[in-house]
Number of protein chains: 2
Amino acid sequence: MEKKLTESIEDYIETIYLESQKHGKGVRITDVALELKVSKASANDAVRKLKELGYVEHERYGQIYLTETGKDRAVKVYEKHRLITEFLVKSLDVSLPNAEKDACGIEHIISEETFEKMKAYLDQ
Amino acid sequence: MEKKLTESIEDYIETIYLESQKHGKGVRITDVALELKVSKASANDAVRKLKELGYVEHERYGQIYLTETGKDRAVKVYEKHRLITEFLVKSLDVSLPNAEKDACGIEHIISEETFEKMKAYLDQ
DNA sequence: CGTTTTGGTTAGCTTTGACTAATTATATAA
DNA sequence: TTATATAATTAGTCAAAGCTAACCAAAACG
């Protein structure tokens, strides 16, 4: 069983993943800070934690890269996010911005069962 | 617009409401602590905060009573909880324990739009 | 090539929400 | 009515997650 991450750390890893996809390269502290609307100091703290957890590589003043484990982890978080958003839009006709916003919170707390059932609903 | 409460405070007010309904009388620090599985010290802190916010009445060593405002607030939180649980059960066939658990997290973060649409779904 | 701008880091502080341990009240029972 | 048990409070600690301000490194420009 995977170690549970805090919500905050899940957000950071997800953001690093999305930014690296977007630009096809390593990500900077500043990108993360801007994207999550936190100070660079906070982004820096989080990256240090992610490094300790073995999810990213990062050296002083350098770019941030996800490790294999980190990427696996990020993809899972992001897929959850995507799927919940889709569920809210398709099943309830929630507007995309609100669906995104809600998914962003729900992704961290939902049970495996509910998640699987949303998946099943969308697979029909 | 109502002042936003923290998730933790919403849980406390909801618990006080449910316990007072269950026994038809004032609630004790110990009841709250047991129900939420926190220490009595934590329950005590929370009750102090709720008192400062004007949501409960409580004097040293005494019972806790919701004020009118407190009760209104608690009912809203609880209704949200109930409705989300029902939505998960009826729309996705999630088991009651998981639906309860998920609702407990979702109730604090969901947008007004999504909530209204769940309500509409259940009203059909 | 030196200076300015941008980016990153560090130190130290704040808040929230929990905890334990020790203490003080109240209630119950011998 | 005194002793014991239960309940509540207080003081002090901790971790998470943010912040600002000050400082240091690297890059870009003139």
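Every chain is numbered from 1, with letters handed out A, B, ... down the list of sequences. Heavy-atom basis, side chains included; hydrogens, waters and symmetry copies ignored.
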Chemist: Could you work out which one of D/dA17, D/dT10, C/dG8 sits closest to the side chain of A/Asn44?
Modeler: C/dG8
Chemist: B/Glu10 has an atom CD; how far is it from atom P of C/dG17, in whole Å?
Modeler: 11 Å
Chemist: What integer distance in Å separates B/Gln63:CD from D/dA8:C1'?
Modeler: 13 Å
Chemist: Measure NZ/A/Lys40 against C1'/D/dA17 and give the value in whole Å, please.
Modeler: 19 Å
Chemist: Just the rounded figure in Å: distance from P of C/dG17 to CD of B/Glu7.
Modeler: 9 Å
Chemist: Among C/dA18, C/dG7, D/dA8, find the nucleotide with the atom closest to the side chain of B/Asp45.
Modeler: C/dA18
Chemist: With the threshold set at 4.0 Å, does a side-chain nitrogen-carboxylate oxygen contact exist between B/Arg82 and B/Glu79?
Modeler: yes
Chemist: In whole angstrom, what separates B/Glu59's CD from C/dT24's P?
Modeler: 21 Å
Chemist: Using atom CG of A/Leu5 as one end and atom C1' of D/dA16 as the other, report the distance to the nearest whole Å.
Modeler: 14 Å
Chemist: Let me know the distance between CD1 of A/Ile9 and C1' of D/dA17, rounded to the nearest Å.
Modeler: 9 Å
Chemist: Would one find a side-chain N or O of B/His58 under 4.0 angstrom from OP1 or OP2 of D/dT9?
Modeler: yes
Chemist: Please check the phosphate of C/dT16 (OP1 and OP2 only) for any side-chain N or O of B/Ser8 closer than 4.0 Å.
Modeler: no
Chemist: Taking A/Glu68 first and then A/Lys71, would you say they form a salt bridge - that is, a charged N and a carboxylate O separated by under 4.0 Å?
Modeler: no
Chemist: Answer yes or no: is there an ion pair linking B/Lys22 with B/Glu19, defined by an N-O contact shorter than 4.0 Å?
Modeler: yes
Chemist: A/Tyr61 OH to D/dA25 C1': how many Å, rounded?
Modeler: 5 Å
Chemist: Given 3.5 Å as the limit, does a donor-acceptor pair link the side chain of B/Thr67 with the main chain of B/Tyr55, or not?
Modeler: yes
Chemist: Contact class for A/Ser42 vs. all strands (heavy atom < 4.0 Å): base, sugar-phosphate, or nothing?
Modeler: base
Chemist: Has B/Lys49 got a side-chain N or O lying under 4.0 Å from the OP1 or OP2 atom of C/dG17?
Modeler: yes
Chemist: Under 4.0 Å: is that the gap between some side-chain N or O of B/Ser39 and OP1 or OP2 of C/dA18?
Modeler: no
Chemist: Where the side chain of A/Ala41 is defined as all heavy atoms beyond and including C-beta, which of D/dA17, C/dA11, D/dA7 is the nearest nucleotide?
Modeler: C/dA11
Chemist: Between B/Glu52 and B/Lys49, does any side-chain N to carboxylate O distance fall below 4.0 Å?
Modeler: no
Chemist: Give a yes/no answer on whether the side chain of A/Tyr12 brings an N or O atom under 4.0 Å of OP1 or OP2 in D/dG18.
Modeler: yes
Chemist: Among D/dA16, D/dT10, C/dG7, which nucleotide has an atom closest to any side-chain atom of A/Thr30?
Modeler: C/dG7
Chemist: Taking only side-chain nitrogens and oxygens of B/Arg60, does any of them come within less than 4.0 Å of OP1 or OP2 of D/dT10?
Modeler: yes
Chemist: So does A/Arg28 get a side-chain nitrogen or oxygen closer than 4.0 Å to the phosphate oxygens (OP1/OP2) of C/dG8?
Modeler: yes
